[in-house]
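Indexing begins at 1, ligand by ligand and atom by atom, following the structure's order.
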Amino acid sequence: MIEKYEKYIGEHELDSIFKIAEKIKDLSILHVNSTKAGGGVAEILNRMVPLMKELGLNVDWKVIKGDSEFFNVTKSFHNALQNGVGNINEEHFKIYDKWQEINLTEIPLDYDIMFIHDPQPAGLIRFKKGGKWIWRCHIDISNPYPPVWNFLRKYISQYDSMIVSVPSFGRDDIEIPQFIIPPSIDPLSVKNRKIPQTTVSRILYKFGIDESKPLVTQVSRFDYAKDPLGVIQAYKLAKRHVDIQLLYVGSPATDDPEGEKVYNEVVKAAGDDKDIHLLMLPPYSDLEINAFQTASTVVMQKSIKEGFGLTVSEAMWKKKPVIGGNTGGIPLQVINGVTGFLVNSPQGASHYIIYLIRNEKIRKRLGKNAREHVRRNFLITRELRDYLMTIAYVSN
Ligand code: UDP
């Protein structure tokens, strides 16, 4: 199956992946994260782990367990790290540490290479016996709330290296080697491969979306960082000038306890506008997400904070112009005026919605550039190669 990527990346790139894999084939590798489904990390691991296996690597993936108390704590860490403010006390740190210990029964620690994703399982390093440990951080840690960062930093400093998604997330208060590896999408996955127009139409019909009216879409967990209320506001402002529909699609993630609360606020803000479609889909609704992104005239990712924003590359790969929040990993993908537009407010977003809805030629040009930008920079084969290189580096 890995040969199928050749048409996107060429044979040299593919050969280099096989060559590096050969060098590290005797190592055992474990990925550890905090959810099997929901959110970008699970999305990538669901594709990355099978690809690594296909290269003959000895790789496994384990998910830590936790109760709602633990995931409330880790979500508050997540928010504090990304927003620079928080309301955290000693009790939170104790709960975090307690669950690292509980997870000793879930997570084997005797692999040669341990990839620990994000803050939730980062404290497992306390129990390191051997091997090389890499902390793979997917969130924006450029301006963290100091009490939480200082707590985590004790652990992160014990790693052999860390990976961040965007250069500005690198830390100068940590001595270990740091790599910059942006995330990626899989062009062959159900979510991203080309699907027939009939499938798109069937799915739109099923969800009551009018195929004949321009569709503006945001696919995101119901999380304040994704600014769902700002999306509604931008749509409402634009709706005064152009006749559009808004689709906001989210799904629950087991490690994100805030979703329901945010969802209820969004429902309220949407009111009784028949052109607003709010969907809470089960995880693994990849075909539906593909259809929605494919059917969209414009895609939004109006995040206020964002690690990377896979949804941006997913839409760009489908040749959609994206209006993205000017934050975190979004500007790596959205080059203003070339592959989409960057915005800092609902007003800015509504301006570009109107502009794009009225300009088919511009939409087409941005969409074409967008796909090429993703092909060169954000396909899974590039991230796979970066991971293999990191493993080769730390194990040397
Ligand atoms: N996603 C999904 N269904 C939803 C909402 C999101 O499948 O209802 C997927 C989305 O397509 C993307 C991932 O979840 O692949 C979200 O990754 P992103 O990096 O955009 O954000 P995160 O949730 O990791 O903050």
Side-chain angles (χ1 to χ4, degrees), residues 33-48 71 74-75 78-79 81-83 117-120 136-141 164-166 169 181-193 195 203 207 217-228 231 247-260 262-263 266 277-294 296 299-318 320 322 324-325 327-334 374 378-380 383:
N33 83 321
S34 60
T35 178
K36 200 82 197 153
V41 182
E43 175 78 20
I44 295 171
L45 289 176
N46 266 307
R47 303 298 296 181
M48 182 66 81
F71 287 124
T74 56
K75 179 74 188 184
H78 175 103
N79 290 341
L81 289 168
Q82 291 215 132
N83 300 336
H117 294 261
D118 277 342
Q120 296 92 331
R136 200 318 176 206
C137 175
H138 295 266
I139 62 173
D140 182 348
I141 48 166
V164 292
S165 298
V166 178
F169 298 172
I181 303 184
S184 61
I185 62 158
D186 188 342
L188 302 179
S189 67
V190 174
K191 185 170 280 170
N192 294 313
R193 66 183 177 220
I195 52 171
I203 291 173
F207 288 94
T217 301
Q218 176 156 310
V219 177
S220 279
R221 289 177 297 103
F222 288 90
D223 180 329
Y224 294 117
K226 312 287 183 184
D227 199 17
V231 171
L247 169 62
Y248 193 110
V249 195
S251 67
T254 47
D255 62 348
D256 181 358
E258 257 174 15
E260 207 175 309
V262 179
Y263 175 75
V266 176
H277 307 272
L278 298 177
L279 300 180
M280 181 70 114
L281 293 186
Y284 305 115
S285 304
D286 291 358
L287 186 63
E288 287 78 3
I289 302 289
N290 187 338
F292 296 143
Q293 289 168 332
T294 303
S296 299
V299 170
M300 293 180 71
Q301 190 54 57
K302 220 208 96 20
S303 307
I304 296 165
K305 287 284 172 186
E306 189 60 78
F308 180 70
L310 285 181
T311 49
V312 175
S313 276
E314 288 164 5
M316 288 170 63
W317 182 243
K318 298 174 185 89
K320 301 301 163 185
V322 175
T327 183
I330 294 178
L332 294 183
Q333 303 169 80
V334 175
V374 172
F378 304 119
L379 295 186
I380 194 162
E383 191 178 15

Contacts of type side chain to side chain contact (heavy atoms under 4.5 Å, CB included), residue His277, not counting sequence neighbours: Ile209, Gln245, Leu247
Considering only heavy atoms of Gly309, which atoms of ligand 1 have at least one such atom less than 4.0 Å away? 19 (O), 20 (O)
Using 30° and 60° as the class boundaries, would you call the ring planes of Phe222 and Tyr263 parallel, tilted or perpendicular? perpendicular
Contact check: Gln293 vs ligand 1, nitrogen or oxygen atoms, below 3.5 angstrom: no
Regarding Thr74 and Gln120, is there a side-chain donor-to-acceptor distance under 3.5 Å anywhere? no
With heavy-atom distances below 4.0 Å as the criterion, list the atoms of ligand 1 near Arg221. 22 (P), 23 (O), 25 (O)
Quiz question: by atom type and distance under 3.5 Å, do the side chains of Lys36 and Asn46 form a donor-acceptor pair? no
At under 4.0 Å between heavy atoms, is it the side chain or the backbone of Lys226 that contacts ligand 1, or both, or neither? side chain
If you measure every N or O of Ser220 against every N or O of ligand 1, does any of those distances drop under 3.5 Å? no
In the protein, what heavy atom is nearest to atom 4 (C) of ligand 1, and what distance, to one decimal place, separates them? Ser251 OG, 3.3 Å
So, regarding Val41 and ligand 1 (criterion: nitrogen or oxygen to nitrogen or oxygen, under 3.5 Å), is there a contact or not? no
List the atom of Gln82, the atom of Lys305, and the distance in Å for their closest heavy-atom pair. O-CE, 3.0 Å
Assess whether side-chain contact (heavy atoms from CB on, under 4.5 Å) is satisfied between Ser285 and Lys191, documenting all intermediate values. CA-CA 8 Å; Ser285 304; Lys191 185 170 280 170; over 6 Å; no
For Val249, is the nearest heavy atom under 4.0 Å from an atom of ligand 1? yes
Please indicate whether any nitrogen or oxygen in Leu310 is less than 3.5 Å from any nitrogen or oxygen in ligand 1. yes
Does only the side chain of Gln301 get under 4.0 Å from ligand 1, or the backbone, or both, or neither? Count heavy atoms. neither
Any nitrogen or oxygen of Asp286, main chain or side chain, under 3.5 Å from a nitrogen or oxygen of ligand 1? no
All side chain to side chain donor-acceptor pair (under 3.5 Å) counterparts of Glu288, not counting sequence neighbours: none
Residue, atom and distance of the protein heavy atom nearest atom 24 (O) of ligand 1 read Gly40 N, 2.6 Å
Considering only protein heavy atoms, which is closest to atom 8 (O) of ligand 1, and at what distance to one decimal place? Gly250 C, 2.8 Å
Out of Lys191, Glu288, Glu43, whose heavy atom sits nearest atom 2 (C) of ligand 1? Lys191
Run the side-chain hydrogen bond (donor to acceptor under 3.5 Å, both in side chains) check on Gln293 and Thr217 step by step: do they pass? CA-CA 7 Å; Gln293 289 168 332; Thr217 301; over 6 Å; no
Is the shortest distance from a Lys or Arg side-chain nitrogen in Lys75 or Asp223 to a carboxylate oxygen in the other one below 4.0 Å? yes
Looking only at heavy atoms, which two atoms of Ser184 and Ile380 are closest? And how far apart? OG-CA, 3.3 Å
For ligand 1, which atoms have a heavy atom of Glu314 less than 4.0 angstrom away? 10 (C), 11 (O), 12 (C), 15 (O)
Would one find an N or O of Val219, backbone or side chain, under 3.5 Å from an N or O of ligand 1? no
